[in-house]
Amino acid sequence: MGDDQQRSALAKASKPANNEFFSTLIAANHILHYHNVVDAYGHISARNPQDDRTFFISKSLAPALVSNREDIEEYYVSDASPVNKDAPKGYAERFIHSEIYKQFKGVQAVIHGHAEVVLPFSISSIPLRPVFHMGGVMGAQCPIYDIQQHYKGSDNLHSLLVTNEHLGAGLAAGFNPSTMMSKTTNLIRNYIVSSTLSAASTPDFPPNPTVLMRGHGFTCIGATVQEAVNRAIYTCTNARVQTTAMLMQGSHNVGLVGERFGGGEKETGPAKHEDIKYLSERECKDSWTAISSTAERPWKLWCAEVAASGLYENQMGPVPGA
């Protein structure tokens with residue numbers, strides 16, 4: 001970095017993030033709760049727009065109850081330690097956020113939740129894949145982070161929680177998996193972190209923006225807070241649509257079996273089986289390209305919903321784009 005760039009970076013870092021930044025982050029907490037992406041647990045963070053070495057996330061607080069600047073803490077990307085040495089208790093899983101920011105410079109927001117509609121896809125052999133155009137936002141495939149593959153001897157608790165740097169690094173690698181133990185119908189189940197990956201091989205923004213976490217939930221990212229919120233909400237919507245479609249298709253396939261064998265057919269081969277139709281990789285990419293240009297529309301609606309609900313309070317002033 002040249003002298004001019006260094007002076008510019010230092011000047012920028014010396015300016016605190018403005019009220020609009022915090023108002024947006026608070027609104028995102030409320031929107032995620034309103035849409036059942038998070039409950040008392042789960043969290044969203046945003047990289048510091050003035051200093052990319054730190055990020056902001058609420059203190060150990062239910063997302064619906066975050067309301068002012070005092071509810072939000074600043075942490076270092078390098079090790080997830082608080083900038084304020086006297087900071088109160090924070091989220092144990094803030095390493096999810098720090099390690100993603102550390103690996104991917106283009107990521108500006110991270111969301112982690114335990115949505116029940118997504119959880120079954122993290123523990124079964126059925127992949128979560130986009131089935132309608134709004135689902136393209138989550139990416140063509142969702143790798144599954146199996147934390148059991150990443151524990152070390154120093155990990156006293158195998159709680160499925162991401163509570164240190166190496167567990168967080170393992171999760172972050174899932175957004176840009178290099179090698180894998182198995183692959184089933186576009187589902188990257190257990191990926192292995194390659195210690196030989198160079199910085200040059202790591203994209204600023206990874207190809208898989210949504211990663212499931214076995215028996216735990218999911219994490220998604222965004223180039224903005226609004227994009228990350230959109231991705232989280234429509235990942236859950238896609239999971240509901242896909243689950244419904246699989247139930248319908250399963251009943252239909254059972255009917256096909258009944259028609260064949262109940263009719264006394266003499267064939268001995270496998271019965272006819274039909275599957276649901278998923279989006280292609282091209283369709284996923286292009287649908288998100290098209291929809292991202294109108295992302296301000298749902299954001300405006302979601303902000304209005306939480307403002308009218310009576311539960312949420314945002315003391316940082318008007319939300320940009322609301």
Side-chain angles (χ1 to χ4, degrees), residues 32 35-38 42 44 96-97 99-100 103-104 107 109-150 160 162 167-168 170-193 203 205-223 227-246 275-288 291-292:
L32 292 170
H35 285 270
N36 298 312
V37 177
V38 300
I44 177 173
I96 290 174
H97 305 261
E99 292 301 317
I100 291 173
Q103 290 199 35
F104 306 109
V107 173
V110 177
I111 294 171
H112 170 62
H114 311 140
E116 293 177 11
V117 70
V118 174
L119 272 169
F121 293 95
S122 77
I123 56 175
S124 69
S125 59
I126 300 171
L128 178 62
R129 295 171 58 189
V131 292
F132 79 129
H133 67 300
M134 299 300 291
V137 66
M138 69 183 190
Q141 57 188 8
C142 297
I144 294 182
Y145 169 68
D146 187 346
I147 197 170
Q148 191 173 41
Q149 307 295 329
H150 301 271
L160 276 72
V162 181
L167 294 176
L171 172 62
F175 292 89
N176 185 36
S178 56
T179 59
M180 58 211 73
M181 292 169 59
S182 64
K183 187 173 182 179
T184 306
T185 58
N186 286 1
L187 172 65
I188 304 174
R189 288 201 56 81
N190 300 311
Y191 53 81
I192 304 173
V193 182
F205 198 91
N208 300 101
T210 307
V211 172
L212 307 188
M213 304 164 71
R214 179 184 65 82
H216 186 167
F218 76 101
T219 298
C220 68
I221 56 177
E227 179 183 306
V229 170
N230 187 297
R231 179 162 288 122
I233 289 174
Y234 281 108
T235 291
C236 294
T237 303
N238 189 96
R240 283 193 293 272
V241 174
Q242 185 177 345
T243 298
T244 301
M246 289 189 303
D275 201 358
I276 62 176
K277 184 70 173 179
Y278 297 98
L279 269 64
S280 68
E281 189 167 345
R282 172 69 183 272
E283 288 173 328
C284 290
K285 180 180 178 181
D286 288 356
S287 62
W288 171 235
I291 292 167
S292 62

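Numbers for residues simply follow the sequence, beginning at 1.
With hydrogens and angles disregarded, no donor-acceptor distance shorter than 3.5 Å links the side chain of Ser122 to the backbone of Val118. Side-chain N or O atoms of Gln242 include one that pairs as donor or acceptor with a backbone N or O of Arg129 at under 3.5 Å.
Residues that satisfy the side-chain contact (heavy atoms from CB on, under 4.5 Å) test with Pro207, not counting sequence neighbours, are Asn176, Pro203. Under the side-chain contact (heavy atoms from CB on, under 4.5 Å) criterion, Ala109 pairs with Val225, Ala228, not counting sequence neighbours. Every residue two or more places apart in sequence or in another chain that forms a side-chain contact (heavy atoms from CB on, under 4.5 Å) with Glu281 is listed here: Ala140. Partners of Thr219 according to the side-chain hydrogen bond (donor to acceptor under 3.5 Å, both in side chains) rule, which considers only residues two or more places apart in sequence or in another chain, are His112. Partners of Leu279 under the side-chain contact (heavy atoms from CB on, under 4.5 Å) rule, at least two apart in sequence or in another chain, are Pro130, Glu283, Cys284, Ser287. Evaluation of the side-chain hydrogen bond (donor to acceptor under 3.5 Å, both in side chains) rule for Asp286 yields Arg282 as partners, not counting sequence neighbours.
Minimum interatomic distance between Phe218 and Ala115 (heavy atoms only, all atoms of both residues): CE2-CB, 4.2 Å. The two atoms that bring Ile144 and Arg214 nearest to each other are CG2-N, 4.1 Å, heavy atoms only. Between Pro143 and Pro177, the shortest heavy-atom distance links the atoms CG-CG, 4.4 Å. Considering all non-hydrogen atoms of both residues, Asp275 and Tyr278 come closest at OD2-CE1, 4.2 Å. Here the shortest heavy-atom pairing between Ser124 and Pro120 reads OG-O, 3.0 Å.
Residue pairs meeting the salt bridge (charged side-chain N to carboxylate O under 4.0 Å, His left out) criterion with at least one partner in residues 228-246, sequence neighbours excluded, are Glu227-Arg231.
Using bins of under 30°, 30° to 60° and over 60° for the plane-to-plane angle, the ring pair Phe104/Phe175 lands in the perpendicular bin.
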Legend entry - Evaluation steps, side-chain contact (heavy atoms from CB on, under 4.5 Å), between Asn208 and Gln141: CA-CA 7 Å; Asn208 300 101; Gln141 57 188 8; 3.4 Å; yes
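Taking the six-membered ring wherever Trp is involved, the centroid distance between the rings of Tyr145 and His150 falls below 6.0 Å.
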